[in-house]
Amino acid sequence: MAYWLVKSEPDVFGWDAQVKSGKRGEPWTGVRNHAAKLNLLAMKKGDKAFFYHSNVGKEIVGIVEVVKEAYPDPTAESGPWVCVDIAAAEPLKTPVTLEAVKVDAKLKEMALVKLSRLSVQPVTDSEWKHICKLGGVKA
DNA sequence: GCCAACGTTGGC
DNA sequence: GCCAACGTTGGC
């Protein structure tokens, strides 16, 4: 099982929209970055990911699960882009803010801080457990 | 194939 | 609204 973090602007597609899409999930489209694409391709069904609100909120608000592995992105007008389907798993009891990540010695090396522009990024086991703890949910 | 210019993203 | 980071584009 691998762990990931996906970013979305809540104005465009936020946690609430993800929850509304239910168990069957929603295609995570629109990735137009090769590093992010590689991460999408590496995702397996059942992998978990944090759902991060960029720009507005700047916090990890919930956990999603990969329900369909990478397939061609139907919204891509050109190029070999892919998307996956993700479904809301559970919200964090306490959102973990970017600020909290930055000041936490265990988390400040995260891609979220170091590579702030990467929209799909891997999360290590220890980072995952630590954020779950901060968020008040079981890892 | 290098590198400068430009566009986009995202934090502040 | 500004700026830093970084990817992409285009001239050479």
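In what follows, every heavy atom counts, from backbone to side chain, and hydrogens, waters and symmetry copies are set aside. In what follows, chains carry the letters A, B, and so on, assigned in the order in which the sequence lines appear, proteins first and then strands, with residues in each chain numbered from 1.
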> Base, sugar-phosphate, or nothing for L98(A), non-hydrogen atoms under 4.0 angstrom?
Replying inline: sugar-phosphate
> Which residue pairs pass the side-chain hydrogen bond (donor to acceptor under 3.5 Å, both in side chains) test with at least one member in residues 30-43 of chain A, sequence neighbours excluded?
Replying inline: R32(A)-D73(A), R32(A)-T75(A)
>> What I want to find out is whether K106(A) reaches E127(A) closely enough, with some N-O distance under 4.0 Å, to be called a salt bridge.
In response: no
>> How long is the straight-line distance from CZ of F51(A) back to OG of S8(A), given to the nearest 0.5 Å?
In response: 4.5 Å
Please state how far atom [atom1] in [X] lies from atom [atom2] in [N], giving the value in whole angstrom units.
X: K114(A); N: dG10(B); atom1: NZ; atom2: C1'; value: 17 Å
X: K7(A); N: dC6(C); atom1: NZ; atom2: P; value: 11 Å
X: R32(A); N: dG7(B); atom1: CZ; atom2: P; value: 20 Å
X: E9(A); N: dG10(B); atom1: CD; atom2: P; value: 6 Å
X: D11(A); N: dG11(B); atom1: CG; atom2: P; value: 13 Å
X: W81(A); N: dT8(C); atom1: CH2; atom2: C1'; value: 11 Å
X: L118(A); N: dG11(B); atom1: CG; atom2: P; value: 12 Å
X: E59(A); N: dG11(B); atom1: CD; atom2: P; value: 12 Å

>> Nearest to the N33(A) side chain among dG7(C), dG11(B), dT8(B), which nucleotide is it?
In response: dG7(C)
>> With a 4.0 Å limit, can you tell me whether Y52(A) has a side-chain N or O closer than that to the phosphate oxygens OP1/OP2 of dG11(B)?
In response: yes
>> Does D85(A) form a side-chain hydrogen bond (donor to acceptor under 3.5 Å, both in side chains) with W28(A)? I'd like the steps, not just the answer.
In response: CA-CA 6 Å; D85(A) 286 3; W28(A) 193 262; over 6 Å; no
